[in-house]
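Chain naming here is simple, since letters A, B, ... match the order of the sequence lines and numbering starts at 1 in each.
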Amino acid sequence: METPRRQMAARYDAAAVEPDVYQRWLDADAFRPAPTPDPGSQPFVIIQPPPNVTGALHIGHALTATVEDSIVRYHRMRGDDTLWLPGVDHSGIAAQFVLDRILAEEGESRASLGRERYLERMWQFISETREVIGGQHRRLGASADWSRERFTMDEGSARAVRTAFTRLWDAGLVYRGEALINWCPRCLTTISDLENVHRDETGTIWTIRYHLERSDGTPDPDAWISVATTRPETLLGDTAVAVHPEDERYAALVGRHAILPFLGRRLPIVADEHVERTFGTGAVKITPAHDPDDYALAQRHALEAITVLDEEARVNAAGGEFFGRDRFEAREAILDRLRETGDLIAEKPHAMVVGHCDRCGTVVEPRLSVQWFIRVQPLAERALASVREGRTKILPAHFEKVYAHWMENIHDWAVGRQLWWGHRIPAWFCPDGHITVTDEVDGPDGCAECGRPALDLTQETDILDTWFSSGLWPFSTLGWPDETPDLARFYPTSVMETGYDILFFWVARMMMLGLFLTDAEPFHTVYLHGMIRAEGGVKMSKTKGNTVDPLSMVAEIGADALRFALVSGSSPGSDMRLTQAKLDGGRNFTNKLWNAARFVLGARPEPMAESGGEPSLAARWIASRLSEATERATRQLDVLDLGGYAATVYDVAWSDYCDWFLEMAKVDLRREGARDADRATTWSAAAAGLGTILRLLHPLMPFVTEAIWTELRDAAPDAAPVPLLVTAPWPGATPRAAAAEDAFADLAAMVRGVRNLRTESGVAASAWVPLVVEAANADAAARLESAAHYVETLARVRPIELVEDAERSEQVVAGRLGVAWLGRDAAADEVSAGRRAAQISEVDVGIARLETLLANESFTARAPAAVVERERVRLDELREQRERLVGGSE
RNA sequence: GGGCGAUUGGCUCAGUCGGUUAGAGCGCACGGUUCACAUCCGUGAGGUCACUGGUUCGAAUCCAGUAUCGCCCACCA
């Protein structure tokens with residue numbers, strides 16, 4: 001029974017093909033793990049790093065999706081019990097930032113709406129963006145199990161958050177206390193150290209006189225101590241001046257007092273070893289409520305801390321005449337007044353680092369307040385040990401050092417946020433000051449300490465840092481804290497794939513919380529990808545207008561082409577440049593595959609005979625090459641070397657299969673007098689090879705391979721034995737054919753040599769010219785004869801004449817098969833003389849080098865025998881080649 | 001101030017725990033209307049692997065140092 005020949009479209013139309021293919025996968029329910037795992041299968045689980053809900057996906061998300069999807073599809077084909085669980089992060093502060101901006105455009109604000117209506121508005125906003133994000137992942141080909149899609153603000157996450165927080169509290173790892181935290185006066189919330197990003201800036205350092213107190217308590221106009229500061233406005237909160245205990249300049253002053261300008265406050269002069277004598281004047285003004293160093297010093301000396309800035313960083317009532325001014329206005333005003341009084345005695349430029357809010361860029365203000373903290377040292381120790389002892393591996397490995405360094409110097413995590421969008425801290429205050437923490441969704445029954453009824457308690461209004469719920473993600477998504485079947489089956493997970501930029505923010509927190517809460521490493525491998533940069537190696541940013549939008553790329557060149565461009569030439573942890581040339585390369589490769597398939601399907605012999613006889617050299621060779629490529633690709637995917645894998649499949653598909661095999665297959669198929677059975681054999685080999693390539697390539701380029709698979713399945717059921725490629729098994733190991741590979745190598749060398757001869761001799765590309773060959777020996781002659789039909793077509797030479805001891809042209813090519821030169825017609829076109837002489841001297845150089853090497857006794861004695869032997873063989877070959885080149889003419 | 005990484009043809013990158021002639025894509029030059037593909041095919045030019053020293057029979061690869069670039073961390077006013 002013959003299948004009618006199918007006609008593939010002349011051009012691959014990704015925009016038309018991809019949505020249709022994706023729908024077929026969904027219809028087949030291809031992305032969901034089986035209801036029960038196959039016996040003997042290993043679980044393979046990736047939990048998707050949840051993108052922010054705040055907007056559309058950018059190119060970094062496309063990279064994440066591509067890498068994860070490739071790995072997941074590979075494992076699915078391997079027959080693993082594979083789950084890729086997708087989700088979205090509520091991204092507290094970022095989401096509020098975006099929504100606030102939208103509200104501002106509408107003339108509304110957080111304040112005008114109030115907490116409840118604001119949160120309603122947020123849910124409405126994010127339900128739209130969540131849809132968009134899911135749709136975009138599907139366009140990229142993400143084979144995630146959408147039925148398990150999660151959100152960090154869904155009820156499951158909320159429950160996990162309450163449980164996790166309560167367990168940390170019960171273990172004494174959560175505390176509430178007064179401390180100097182990073183405050184963003186614009187976002188109006190605490191931020192963590194990680195969200196406080198330091199930038200180098202050139203500021204000014206001013207030197208100010210503080211007059212000393214006289215015995216009558218008034219400032220002495222003639223005696224002072226000079227202090228240096230970069231933040232004059234904090235002067236209002238000064239409560240001391242500090243000097244180094246061994247600084248002789250100030251020794252006499254320690255114990256006395258200075259008088260604070262404007263406010264008249266008495267400032268004790270204290271001695272503290274942390275003061276650097278050589279910096280500034282050697283005397284430091286101490287503002288405990290607005291500087292971390294000063295705060296620490298104040299603790300040592302039991303100094304008062306006076307807050308002089310309000311939430312929005314304006315001078316508060318404690319600031320006297322400067323009340324109500326913004327901190328930077330106040331700075332100028334204070335400097336002006338100091339100039340008036342003559343107490344500003346120096347100002348000069350000063351290189352310094354200034355902390356800014358990661359989200360909005362505002363200069364962070366250290367602020368003294370009562371906050372929730374997680375005591376992280378005990379958590380960090382375990383997280384560190386897991387990596388040190390190899391239970392979790394980080395790729396690339398050098399990030400293990402970065403991780404360790406951070407874990408070793410970790411500070412407590414200020415985890416409360418004065419925001420609305422997020423998980424409210426499950427803590428209740430009792431009028432008597434007691435704190436009750438509970439994981440009960442409805443709150444506690446009463447105060448845990450004094451038993452006062454629940455009605456008297458009020459819940460904490462602070463919410464948790466977004467990264468707290470993200471830190472639970474690998475297990476909260478699987479049902480934790482319940483012992484769900486998914487948790488039992490899929491946890492711990494396998495690979496955590498994400499960008500190195502959130503190693504601390506996220507990976508470290510997952511490790512710490514995961515180990516504490518589940519007593520297991522949440523994943524065995526962390527794969528960190530690099531950042532995508534624009535042409536020229538610069539950062540992509542919307543303001544620079546040099547971003548690559550993944551979705552418009554998909555529309556333009558297709559998801560496969562984009563995916564290929566993102567992965568090829570990349571290595572983990574290294575940034576990579578996404579250039580137009582690279583995108584073109586992906587598009588070209590997609591096109592190449594499509595056309596190769598179009599050729600193969602169009603070349604199907606009709607009617608199709610039974611296969612029979614020996615497979616041709618081309619067929620045996622490509623099978624062997626694909627076997628090698630399969631082994632290599634498998635190895636590379638197993639160690640997550642995506643860039644290497646992409647190169648492997650690209651090379652075998654383009655160079656081996658298309659450039660050589662298909663051209664040789666054409667010869668076999670079109671050869672006059674070929675038997676139908678042989679044609680069938682060759683075509684089957686072509687179809688089988690195509691099937692293998694499709695399977696090898698499917699993880700990275702799922703759409704085009706699936707589309708071709710559909711066609712191939714109809715034409716060659718043996719080559720495409722299952723309905724959908726997405727569920728096809730990964731190619732297995734097949735035997736290599738060393739003989740065929742060697743035979744091909746010699747043949748290809750001959751073809752290349754002859755092509756080169758033609759070009760150099762100026763033979764017209766379309767011209768058929770005779771070729772004369774003096775075979776190296778009888779075996780070579782036999783092999784040449786049996787492969788003559790290939791050489792003829794591939795090198796466009798006809799006829800091929802085998803000779804012995806003939807007079808030869810000066811234009812020859814020499815190889816292991818023998819020496820060849822173009823026949824009479826071409827000889828007349830010779831444009832360069834002495835090619836043979838040049839070849840001989842080239843061979844002589846090689847011979848000389850090898851002779852020297854092999855004469856070196858320390859080489860022959862110390863190098864491994866196999867290496868020495870290889871060099872001996874090579875020398876023999878070159879000597880033979882020289883013999884043949886020289887022939888009888890010398 | 002600490003730490004990490006990079007440095008390979010004009011550009012972007014590979015280079016398999018050292019093996020002697022360093023690869024690919026793009027770009028470039030030349031040639032091509034061969035019935036899958038010009039998003040293509042063929043041929044070619046182009047690299048003393050940043051520098052210096054060391055280890056070794058042998059170094060792009062290992063070690064030390066230098067330079068340049070990049071990144072991360074960091075409480076000196």
Side-chain angles (χ1 to χ4, degrees), chain A residues 8 10-12 180 198 205 227-231 234 242 274-276 278-281 283-287 291-296 350 352-353 355 366 396 398-399 401-402 405-406 409 500-501 503-504 531 535 537 557 561 568-571 573-582 584-585 587-603 632 635-636 641 643-644 647 650-651 654-655 658-659 662-663 666 670 752 755-760 762-766 793-796 845-846 849-850 853 856-864 866-868 870-871 874:
Chain A
M8 287 174 74
R11 230 164 236 277
Y12 174 62
L180 206 60
H198 294 93
I205 188 160
V227 295
T229 181
T230 56
R231 299 200 56 198
T234 63
H274 280 69
V275 178
E276 189 63 53
T278 55
F279 190 93
T281 61
V284 195
K285 60 190 267 317
I286 301 299
T287 321
D291 182 279
D293 289 329
D294 295 1
Y295 183 74
H350 183 62
M352 52 198 266
V353 287
H398 73 256
F399 275 103
K401 281 188 247 177
V402 179
H405 184 256
W406 190 76
N409 296 289
Y500 65 72
D501 55 331
L503 177 63
F504 307 142
M531 303 295 112
E535 214 120 0
I557 61 175
S568 69
S570 76
S571 60
S574 303
D575 292 353
M576 82 124 178
R577 293 164 204 217
L578 187 62
T579 59
Q580 188 57 47
K582 208 165 222 176
D584 288 346
R587 180 203 55 182
N588 295 354
F589 186 40
T590 312
N591 172 259
K592 187 74 182 174
L593 287 170
W594 182 256
N595 277 290
R598 216 155 65 84
F599 165 72
V600 170
L601 293 167
R632 184 189 293 263
R635 207 176 332 117
Q636 287 165 324
D641 175 10
Y650 179 91
D651 285 345
W654 200 311
S655 306
C658 292
D659 287 348
L662 285 184
E663 294 307 314
K666 280 178 190 171
R670 290 169 185 166
R752 282 204 191 92
R755 282 171 175 169
N756 173 277
L757 269 188
R758 295 178 59 112
T759 304
E760 296 207 341
V763 173
S766 56
T793 309
L794 297 182
R796 214 167 173 81
V845 169
R849 201 192 51 250
L850 288 172
L853 181 66
N856 183 346
E857 274 181 38
S858 53
F859 172 71
T860 49
R862 301 196 195 205
V867 172
V868 177
R870 187 171 359 127
E871 301 307 328
R874 197 175 295 176

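Comparing B/rU7 with B/rC13, their P atoms are spaced 10 Å from each other, to the whole Å. Taking the P atoms as reference points, B/rU66 lies 16 Å from B/rG5, given to the whole Å. Remark: the separation of the P atoms in B/rC62 and B/rG15 is 12 Å, to the nearest Å. One P atom belongs to B/rA50, the other to B/rA60, and the distance between them is 10 Å to the nearest Å. Comparing the C1' positions of B/rA45 and B/rG27 gives a spacing of 13 Å, expressed to the nearest Å. Between the P atoms of B/rA24 and B/rG42, the separation comes to 13 Å (whole Å). Distance noted for atom P between B/rC51 and B/rG9: 10 Å (whole Å). B/rU12 and B/rC28 have their C1' atoms separated by 16 Å, with the value rounded to a whole Å.
Dense packing is recorded around NE2 of A/H350, with more than 12 heavy atoms of other residues, nucleotides or ligands lying under 6.0 Å away. Summarising the local packing, CD of A/Q580 is surrounded by more than 12 heavy atoms from other residues, nucleotides or ligands at distances under 6.0 Å.
For B/rA77, the OP1/OP2 oxygens have a side-chain nitrogen or oxygen of A/H350 closer than 4.0 Å. Close to B/rC13, at under 4.0 Å from its OP1 or OP2, lies a side-chain N or O of A/R577. When the side-chain nitrogen and oxygen atoms of A/N409 are compared with OP1 and OP2 of B/rA74, none of them lie within a distance under 4.0 Å. When the side-chain nitrogen and oxygen atoms of A/S571 are compared with OP1 and OP2 of B/rA14, one or more of them lie within a distance under 4.0 Å.
The shortest side-chain heavy-atom distance between A/T234 and A/K285 falls under the 4.5 Å cut-off. Inter-residue side-chain proximity for A/R874 and A/R870 is flagged as met; some heavy-atom pair is nearer than 4.5 Å. Residues A/Y295 and A/I286 have side chains not in contact (no heavy-atom distance under 4.5 Å, counting atoms from C-beta outward). Looking at A/T793 and A/K666, their side chains never come closer than 4.5 Å, going by heavy atoms from C-beta outward. A/M8 has its side chain within reach of A/L601: a pair of non-hydrogen atoms, C-beta onward, lies under 4.5 Å apart.
As judged by a 4.0 angstrom heavy-atom cut-off over every strand, A/P864 is placed among the base-contacting residues. When heavy atoms are screened at a 4.0 angstrom cut-off, A/V227 is found touching no nucleic acid atom at all. A/T579 comes within 4.0 angstrom of nothing in the nucleic acid, heavy atoms only. Within 4.0 Å (heavy atoms only), A/A228 reaches at least one base atom of the nucleic acid.
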Letter per nucleotide, 5' to 3', of nucleotides 33-42 of chain B [B base touched, S only sugar-phosphate touched, - untouched; heavy atoms, 4.0 Å]: -B-BB-BSSS
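Across every strand in view, B/rU48 sits unpaired, with no contact that passes the Watson-Crick or G-U test at under 3.5 angstrom. Here B/rC62 sits opposite B/rG54 as a Watson-Crick or G-U wobble pair (both hydrogen-bonding atom distances under 3.5 Å). With a cut-off of 3.5 Å on both Watson-Crick or G-U wobble distances, the partner of B/rC40 is given as B/rG32. When both pairing distances are held under 3.5 Å, B/rG70 makes a Watson-Crick or G-U pair with B/rC4. Of the nucleotides present, B/rC11 is the one that pairs with B/rG25 by Watson-Crick or G-U wobble criteria, both distances under 3.5 Å.
Residue A/V275 places its side chain closer to B/rA77 than to any other of B/rG19, B/rA77, B/rC75. For A/H198, the side-chain atoms get nearest to B/rC75 when compared with the rest of B/rC75, B/rU21, B/rA77. If you check B/rG5, B/rC73, B/rC76 against the side chain of A/H398, the one that comes closest is B/rG5.
A/L794 places its CG atom 11 Å from the P atom of B/rU43, with the value rounded to the nearest Å. Straight-line distance from the CZ atom of A/R870 to the P atom of B/rG19: 9 Å, rounded to whole Å. Between the OH atom of A/Y500 and the C1' atom of B/rG5 there is a distance of 10 Å, rounded to whole Å. In this structure, the CD atom of A/Q636 is 9 Å from the C1' atom of B/rU16, given to the nearest Å. Rounded to whole Å, atom C1' of B/rC11 lies 15 Å from atom CD of A/Q580. Atom C1' of nucleotide B/rU16 and atom CG of A/D641 are separated by 9 Å, given to the nearest angstrom. In this structure, A/N756 atom CG and B/rG44 atom P are separated by 5 Å, rounded to whole Å. Between A/L503 atom CG and B/rC4 atom P there is a gap of 15 Å when expressed in whole angstrom units.
Along RNA chain B, the nucleotide closest to A/F859 and the one closest to A/G569 are compared, and the more 5′ of them pairs with A/G569. Judged by closest nucleotide on RNA chain B, A/K401 is the one of A/K401 and A/S655 placed further toward the 5' end.
Relative ring orientation between A/Y650 and A/F589 is described as tilted, the plane-to-plane angle lying within the 30° to 60° band.
Judged by the 6.0 Å and 45° rule, A/K592 forms no cation-pi pair with A/Y12.
With sequence neighbours excluded, the residues satisfying side chain to side chain contact (heavy atoms under 4.5 Å, CB included) with A/S570 are A/M576.
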